[in-house]
Structures are given as structure tokens and as C-alpha cells.
Amino acid sequence: MSEHPRTIRVIGIGTGDPEHLTLQAVRALADVAAVFVLDKRAETADLVTARRRICEAHIARPYRLVTVDDPPRERRPADYAATVEAWHAARAARLEAAFADGLGTGEVGALLVWGDPALYDSTLRILERIEARGRLALACEVVPGISSVQVLCARHAVPLNTIGGAICITTGRRLAAGWPPDTDSVVVMLDGDPAFAGLDPDLTIHWGAYLGSPDEILVAGRLGDVGEEIRSLRAEARARHGWIMDIYLLTRRDAGRGV
């Protein structure tokens, strides 16, 4: 392999507000030669457009925008782990080919990740796969971003944790198996079809969709009172946009709030 590998910067860009970019992220973009974007086809074209605008605003030198077709993924698989494994492998193969063709030896490329690269995002695992294959020499640099968890709490002006309480960040699939033990606050991400029927209706929910964007929607209250409203708003928004990114915080109503 080359003694001067290509460099890939994985840059967290926040949740939709251009001002979510940190100064570190802006500096990291300044000298990139190519930006690689996984394109999920027409239904999420506005997400690609948002990345283009970020690049145009913060990259003064000539650069290449390389779009890579995102491999399709079964959303309700019988074997979730095997499906994700296959999807990650397909993504790795396509990105590896794109890096080899679209980035010269010694050049710097970038992947712009919504929120923070370390939180429920597959990019770092996929780069690990490429490195493990040993066919392409890559140096990886990571720039943290503002996560949807932070933005959700900021928009609702609530602390994430109860006083001395534990926090669990999980998925809708995991929450369906039951409330995490010894936990007062649960943040739920990647919930394709929120099913609140099995949860305590006295939980407090803080929900947000399209956080940081002009389309942002916020709802908060007792779960038993606002759960169906959230489901309805979510369905309407998804039908209108063709996609949705949302997140919610559940808290036991009798738990203390604070540090």
C-alpha cells in the first residue's frame, strides 16, 4: 500500500441548521479535495442538497462532490443483524471504489454525517471494514458534531438527565422489549413506527422531528395525552417529505430533574 494514504475526514454536521457546524468542522472542510455523499435516491434529495450548500459555504478551493448510490436495505427484516451486516458490507464496497476513483494519493476527502459520527451512525464501522480489507490505504480523522439528542433537549429547554439518574439511549426496536432497568430517562432513536401502546401513559415525552430545520416539529406532554397526536403528525410529515428523522425523550414523571 502507499506510504501516503488518502485521508478521509468524517465530519459531524449537526441536525439541519447550518449554524450547527463547529469551528473545527469548518476548518476541516477548508482543504478537502472531494466530498463523498451516499445518495438515497429521490426521496432524500433535499439531504444531498443540504450537504451541497454546506460545501459551497465553507470550501473556497475547487473540490469534487462525488455521489455514491446507497445500497437498498430491507426495513422490516426477519433477521435484523444479518440484514444490517449485508448492508454495511455493500456500503463499504461502494465507498471503497469511490475513494479509489475519486481521491488521489495524498488527497483529503470528507464524509458529512448528520448529528455526531459516534451516535447511531454506520460511517465509522464502514471505514473500519475498508481498512480491514487492506486494499486501500486510508487515514481516518473524526470531527464531532452536535447530536440530535442535544438539539432535542435544547429545543424543549429540558435537561437530559434526572438528578443523579441514569440515561439510556436506545432504539424503538429495543424499547419494545421493555423499559431499561434502573433508568429514569430514555432517549429513543431510529424508531420507524413508534408504538406507545405498551408504555406507561404517565411517562413524559419530548418529541422532535426535522430538528434544526425550517420543517421542525415539537410536541411535549404526558404520553397518554399526546402519543396519538405525535403518531398522526409523524405520518403526515413523512407522507409530505418522503422521509423523516425524529427522536424522543421519555422520562418518568415522578423522577427528579436536574444535575
Side-chain angles (χ1 to χ4, degrees), residues 14-17 20 43-44 46-47 73-78 80-81 83-84 114-116 118-121 146-259:
T15 66
D17 186 337
H20 284 178
E43 65 268 23
T44 54
D46 46 349
L47 299 182
R73 172 188 167 190
E74 173 58 48
R75 290 295 173 180
R76 297 182 183 275
Y80 179 79
T83 299
V84 172
W114 292 106
D116 182 87
L119 186 59
Y120 282 109
D121 184 82
I146 296 174
S147 72
S148 59
V149 178
Q150 295 167 276
V151 178
L152 177 74
C153 291
R155 289 291 187 266
H156 284 287
V158 295
L160 176 60
N161 62 292
T162 60
I163 297 175
I167 303 163
C168 177
I169 301 177
T170 188
T171 66
R173 181 184 298 271
R174 299 287 299 237
L175 184 64
W179 185 268
D182 301 320
T183 302
D184 291 329
S185 303
V186 176
V187 177
V188 185
M189 306 178 71
L190 305 178
D191 195 353
D193 184 19
F196 302 129
L199 298 176
D200 180 356
D202 283 331
L203 290 169
T204 296
I205 186 170
H206 291 88
W207 174 80
Y210 309 105
L211 293 170
S213 79
D215 299 309
E216 181 178 272
I217 313 171
L218 300 172
V219 175
R222 177 180 175 270
L223 181 60
D225 297 331
V226 301
E228 285 307 309
E229 176 190 359
I230 290 171
R231 285 178 60 84
S232 177
L233 286 171
R234 192 181 189 281
E236 292 171 4
R238 185 165 194 163
R240 182 167 61 253
H241 294 282
W243 61 278
I244 189 166
M245 286 195 293
D246 65 335
I247 181 175
Y248 54 96
L249 168 66
L250 297 169
T251 310
R252 296 187 185 277
R253 291 172 67 85
D254 58 352
R257 308 295 297 175
V259 298

Between Met189 and Leu119, does the side-chain contact (heavy atoms from CB on, under 4.5 Å) criterion hold? Intermediate values first, please. CA-CA 10 Å; Met189 306 178 71; Leu119 186 59; 4.1 Å; yes
The test is side-chain hydrogen bond (donor to acceptor under 3.5 Å, both in side chains); show your working for Glu229 and Ser232 and say whether it passes. CA-CA 5 Å; Glu229 176 190 359; Ser232 177; over 6 Å; no
Check the pair Trp243 / Tyr210 against ring-ring contact (aromatic ring centres under 6.0 Å, His included), numbers first and verdict last. CA-CA 10 Å; Trp243 61 278; Tyr210 309 105; 5.2 Å; yes
From CA spacing to verdict: side-chain contact (heavy atoms from CB on, under 4.5 Å), His20, Val151: CA-CA 10 Å; His20 284 178; Val151 178; 3.7 Å; yes
Go through it in stages, so that I can follow the logic: the residues are Val158 and Thr204, the test is side-chain contact (heavy atoms from CB on, under 4.5 Å), and I'd like the CA-CA distance, side-chain angles, deciding distance and then a yes or no. CA-CA 12 Å; Val158 295; Thr204 296; over 6 Å; no
Evaluate the criterion side-chain contact (heavy atoms from CB on, under 4.5 Å) for residue pair Val226 and Trp207; output intermediate values, then yes/no. CA-CA 10 Å; Val226 301; Trp207 174 80; over 6 Å; no
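Between Tyr120 and Thr170, the shortest heavy-atom contact is OH-CA, 3.4 Å. Across all non-hydrogen atoms, the minimal contact from Val188 to Gly172 is CG1-N, 3.6 Å. Between Ser185 and Leu249, the shortest heavy-atom contact is CB-CD1, 4.1 Å. In terms of heavy atoms, Ala118 sits closest to Asp116 at N-OD2, 2.8 Å.
Atom CH2 in Trp179 sits 7.5 Å away from atom CG in Leu199 (nearest 0.5 Å). Here the CD1 atom belonging to Ile169 is positioned 11.5 Å from the OG1 atom belonging to Thr183, to the nearest 0.5 angstrom. Atom CG of Leu223 is separated from atom CD of Glu228 by 9.5 Å, given to the nearest 0.5 angstrom. Residue Ile205 holds its CD1 atom at 4.0 Å from CZ of Phe196, rounded to the nearest 0.5 Å. Rounded to the nearest 0.5 angstrom, Asp182 CG and Cys168 SG are separated by 11.5 Å. To the nearest 0.5 Å, the span separating OG on Ser213 from NE2 on His241 amounts to 7.0 Å.
Under the 3.5 Å distance criterion, the side-chain polar atoms of Thr15 are matched with a main-chain donor or acceptor of Leu211. Side-chain atoms of Thr171 never come within 3.5 Å of backbone atoms of Leu190 as a donor-acceptor pair (strictly under, hydrogens ignored). Glu236 places no side-chain N or O within 3.5 Å of a backbone atom of Leu233 that could act as its donor or acceptor partner. At distances below 3.5 Å, not a single donor-acceptor pair connects side-chain atoms of His206 with backbone N or O atoms of Leu218.
Arg222 CZ: more than 12 foreign heavy atoms inside a 6.0 Å radius.
For the pair Asp246/Ile230, no side-chain contact is recorded, criterion being any heavy-atom separation below 4.5 Å from C-beta on.
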